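Data first, discussion second: the structure below is written as structure tokens.
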Amino acid sequence: MLLVFDIGNSNIVMGTYEGRKLMKHWRISTDRQKTGDEYGMLMNNLFRYQGIRMTDIHAIIISSVVPPLVVPMVKMCERYFHIHPLVVGPGIKTGIRLHYENPRAIGADRIVNVVGAYEQYGGPLIVIDIGTATTFDVVNEQGDFMGGVIAPGIGTSADALFQTAAQLPRIELVPPRQIICRNTIQGMQAGIIFGYVGQIDEIVRRIRDEYGSEMKVIATGGLARMIARESATIDKVDHFLTLTGLRALYERNAERHEETHTGNRAERKSGE
Ligand SMILES: Nc1ncnc2c1ncn2[C@@H]1O[C@H](COP(=O)(O)OP(=O)(O)OP(=O)(O)O)[C@@H](O)[C@H]1O
Ligand SMILES: CC(C)(CO)[C@@H](O)C(=O)NCCC(=O)O
Ligand SMILES: [K+]
């Protein structure tokens with residue numbers, strides 16, 4: 001089985017694949033303080049609970065937009081899975097062109113989303129990942145990354161509002177029934193959620209205008225479902241887009257990666 005990890009600023013999303021089939025998936029919060037050993041024990045518990053063995057994993061791919069967690073996670077894979085993981089970054093084969101001033105600066109999650117979305121839906125399309133930040137990635141007909149937009153995330157904006165205004169509470173992110181709200185909580189919910197939906201729809205319209213043709217719009221991320229219900233431009237929600245992209249990227253790099261790291265497997269087998 002292939003194990004895939006997407007390390008985001010808020011959450012780490014993981015999945016196991018048997019061929020192209022997603023078997024199990026988990027979401028744990030990103031904790032910059034946790035060590036490789038602590039993540040190892042977490043993995044051990046998750047695997048045990050699902051009745052799967054860590055030794056069933058034959059390959060691992062990691063994408064991260066949190067640089068200080070890469071080394072602990074790589075060490076965790078080596079120590080607890082006896083596997084040298086493939087890390088999404090410069091040097092791996094994406095199979096797509098990256099139209100960006102500095103391609104190394106593109107968040108690994110965005111590359112992964114583009115690969116996953118193009119493989120699943122074909123281009124041209126816009127991928128919206130609604131997370132700590134909300135990213136819009138534009139993909140052309142050939143599957144190339146054409147650039148995009150980075151906006152503050154919903155939770156991030158809501159947190160900023162509640163932390164800055166003394167009388168405003170932390171609220172639950174659910175849409176209120178009306179727009180003319182008569183209490184603080186609903187007023188904030190309306191402003192944050194409908195404001196955010198409007199922002200998404202406006203950015204999509206501008207992208208379509210600039211790109212000059214119709215494009216599919218696929219949303220992913222923790223809050224995608226709720227936003228998509230209110231949005232006029234989102235065509236589809238796919239919670240597993242990042243996992244799909246990681247699986248596809250591993251396939252594109254498997255041969256070269258396994259050639260370089262066959263030692264890991266062989267050592268483990270003889271050491272058991
Ligand atoms: N119901 C909610 N109420 C308030 N804030 C929320 C809620 N759900 C999520 N958030 C906040 O929204 C942000 C994004 O969370 P989400 O679960 O969408 O993360 P994600 O898609 O895994 O993002 P990333 O990939 O950046 O880790 C976080 O800062 C989180 O604390
Ligand atoms: C925008 C985020 C934080 C979204 O997770 C991530 O993709 C990132 O850190 N990107 C680097 C900047 C860029 O993509 O241009
Ligand atoms: K993400």
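The figures that follow rest on heavy atoms only: side chains count, while hydrogens, waters and symmetry mates do not. For clarity, every value in this text was computed on a predicted model and none was experimentally measured. Just follow the structure's listing: the first ligand is 1, and inside any ligand the first atom is 1.
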### Task
For the pair Asp235 (side chain) and Ile218 (backbone), establish whether a donor and an acceptor sit closer than 3.5 Å, ignoring hydrogens and angles.
no

### Region of Thr135 that comes within reach of ligand 2 [heavy atoms, distance under 4.0 Å]
side chain

### Where ligand 2 meets Asp109 - atom numbers and elements under 4.0 angstrom, heavy-atom basis
4 (C), 5 (O), 6 (C), 7 (O)

### Query
At a 4.0 Å threshold, what atoms of ligand 2 neighbour a non-hydrogen atom of Gly107?
7 (O), 8 (C), 10 (N), 11 (C), 13 (C), 14 (O)

#### Entry: Atom pair CG (Leu246) and OG (Ser63), whose distance is rounded to the nearest 0.5 Å
4.5 Å

### Message
For ligand 2, which is the ligand I care about here, please tell me if Arg110 has any N or O atom under 3.5 Å from one of the ligand's N or O atoms.
### Response
yes

### Query
Would you say ligand 2 has an N or O under 3.5 Å from any N or O of Ile150?
no

### Query
Do the charged groups of Arg206 and Glu202 touch, with an N to O distance under 4.0 Å?
yes

### Task
Would you mind listing which atoms of ligand 2 come within a distance below 4.0 Å of any non-hydrogen atom of Tyr100?
13 (C), 14 (O), 15 (O)

### Under-4.0 Å heavy-atom contact with ligand 2, by part of Ala108 that carries it
neither

### Message
Does only the side chain of Asn9 get under 4.0 Å from ligand 2, or the backbone, or both, or neither? Count heavy atoms.
### Response
side chain

### Message
Check for me whether Gly131 has a heavy atom closer than 4.0 Å to any atom of ligand 2.
### Response
no

### Message
With rounding to the nearest 0.5 angstrom, report the CG to CE distance, Leu46 to Met54.
### Response
9.0 Å

### Query
Under the 3.5 angstrom rule, does the side chain of Thr30 hit a backbone N or O of Gly8 as a donor-acceptor pair?
yes

### Atoms of ligand 2, numbered as shown, that sit under 4.0 Å from any heavy atom of Ala105
11 (C), 12 (C), 13 (C), 14 (O), 15 (O)

### Task
Using side chain to side chain contact (heavy atoms under 4.5 Å, CB included) as the criterion, list what pairs up with Tyr211, not counting sequence neighbours.
Pro124, Val138, Asn140, Ser213, Met215

#### Entry: Ring-ring centroid check Phe47 Tyr80, cutoff 6.0 Å
no

